[in-house]
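Just follow the structure's listing: the first ligand is 1, and inside any ligand the first atom is 1. For clarity, every value in this text was computed on a predicted model and none was experimentally measured.
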Amino acid sequence: MSNTENKRIPRNGLPEGLHIDTLAVRTALAPSQHGENSEALFLTTAFVQPDSETSARRFANTEDFTYGRTSNPTVRSFEQRLAALEGAEGAIATATGMSAILLLIMGLLKAGDHVICSRSVFGSTLSLFAKEFGKFGVETSFVSQTDLAEWRAAIRPNTKLLFAETPTNPLTEVCDIAALADLAHGAGALLTVDNTFCSPALQRPLALGADLVMHSGTKYLDGQGRVMAGALCGANKLIVDVFGPSLRSAGMTLAPFNAWVVLKGMETLSLRMKAQSEATLAVARWLEAQPNVARVYYPGLASHPQHALAMRQQSGLGGAVVSFDVRAHGPEAARAAAFSVIDSTRVLSVATNLGDTKSIIAHPATSSHCRLTEAQRQAAGIGQGLIRLAVGLEHVDDITDDLARGLSQL
Ligand SMILES: Cc1ncc(COP(=O)(O)O)c(C=O)c1O
């Protein structure tokens with residue numbers, strides 16, 4: 001395989017201008033000499049080199065297949081497919097979503113650089129920026145997800161990166177990607193958007209001006225709750241020239257088997273995102289009508305503070321995560337009520353994942369956000385009565401009946 005064929009750019013002979021549904025099924029490396037119709041899984045650590053000259057050339061180029069930490073054909077197919085869906089020049093795969101953020105910071109920043117990040121991002125993302133990167137001299141300012149003036153006020157001469165997630169986990173707050181991109185570029189910084197919640201089936205941050213998209217492929221890209229995966233997507237001057245060498249050194253590489261599972265999962269991404277978003281809207285409307293529910297957080301509802309922006313930015317759909325506060329007085333009663341609703345379910349899975357065909361119910365304060373201090377949780381708006389529901393593909397009536405079991409008894 002020549003160098004050009006091997007780049008992280010979709011070029012397997014497909015015509016230009018294909019729709020996202022087609023790209024999700026068709027984009028991959030060209031088949032092997034056997035002509036397999038379903039993409040092959042290459043389980044190999046090393047790649048045999050035809051001669052020493054070729055080997056020397058390939059080892060000098062992180063794009064060539066030499067050793068599994070650097071690259072693998074199945075992983076490359078995953079990268080090409082995701083890049084095509086995001087409208088990116090390239091993508092680089094990582095073992096998990098969190099290791100994609102690690103690669104982002106390791107590749108882009110150095111001690112003395114400054115990051116601005118929404119304070120409503122996923123709990124582990126918050127911990128990574130607040131605790132881990134600080135050890136290496138990268139300081140992060142946390143700002144409101146939705147108040148652009150706070151982002152603007154946080155800019156410093158050494159600000160190199162703005163990091164946003166939209167909608168956020170679990171409160172589904174929506175930020176304006178185009179406005180943040182303008183702000184970042186005016187300050188000479190880059191904008192990275194965690195697009196896990198919407199996936200490229202609903203939202204394409206690069207088209208709105210973001211420089212990089214980050215994914216937890218563990219969620220909707222796989223779509224069936226099977227494997228961990230992550231990725232960064234963007235221009236090849238970053239993906240190939242900056243992140244490629246960092247990944248080769250640090251080894252947060254995606255396993256070929258996981259890449260193959262997610263590659264196949266992406267083939268049904270658009271169908272799932274549409275069906276799950278429609279079901280979530282129905283569940284959210286039902287929740288809004290329940291007397292024991294104090295508040296529902298879902299961008300697809302007209303009552304959501306950023307509803308209009310979300311509809312514009314997310315192809316008219318709200319995504320498949322809805323959160324709600326049970327009605328109760330004081331944190332202890334709220335926690336007991338939330339636990340009782342969760343424990344009364346018989347269909348939903350009590351777990352902390354999302355993006356699965358199986359609906360998942362979770363208590364963020366004691367799961368995804370349990371490592372935050374109470375003050376950090378309060379600042380992020382994660383109360384003890386908050387329940388997050390990641391809607392899957394069961395019938396909507398079975399989901400609402402399952403929630404009604406506990407809610408009707410509060
Ligand atoms: C929005 C978001 N970003 C990142 C992550 C981290 O991804 P992973 O668990 O694949 O490391 C998660 C996990 O739930 C998430 O919800």
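Applying the 4.0 Å criterion to heavy atoms of N169 picks out, from ligand 1, the atoms 16 (O). If you number the atoms of ligand 1 from 1 as listed, the ones under 4.0 Å from a heavy atom of E165 come out as 1 (C).
Annotation: G97 places an N or O atom under 3.5 Å from an N or O atom of ligand 1; distance criterion only.
At the shortest separation from atom 4 (C) of ligand 1 among protein heavy atoms lies D194 OD2, 3.5 Å. Counting protein heavy atoms only, atom 6 (C) of ligand 1 is closest to M98 SD, 3.4 Å. Shortest contact from atom 10 (O) of ligand 1 to any protein heavy atom: T218 OG1, 2.6 Å. Among protein heavy atoms, atom 9 (O) of ligand 1 sits closest to M228 CE, 3.6 Å.
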L386/R295 under side-chain contact (heavy atoms from CB on, under 4.5 Å): CA gap, chis, key distance, verdict
CA-CA 9 Å; L386 183 74; R295 183 166 172 193; over 6 Å; no
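At least one donor-acceptor pair under 3.5 Å links the side chain of T94 to the backbone N or O of G230.
Side-chain contact between Q384 and E374: present, with at least one pair of heavy atoms (C-beta onward) separated by less than 4.5 Å.
The shell of residues lying under 4.0 angstrom from ligand 1, judged by heavy atoms, includes K219.
Among pairs with a residue in residues 343-357, those fulfilling side chain to side chain donor-acceptor pair (under 3.5 Å) read K219-N353, at least two apart in sequence or across chains. Residues in residues 190-215 take part in no salt bridge (charged side-chain N to carboxylate O under 4.0 Å, His left out) pair, two or more places apart or across chains.
Side-chain atoms of T268 and R272 include a donor-acceptor pair closer than 3.5 Å. A donor-acceptor contact closer than 3.5 angstrom links the side chains of E173 and S120.
Heavy atoms of A229 found under 4.0 angstrom from ligand 1 belong exclusively to the backbone.
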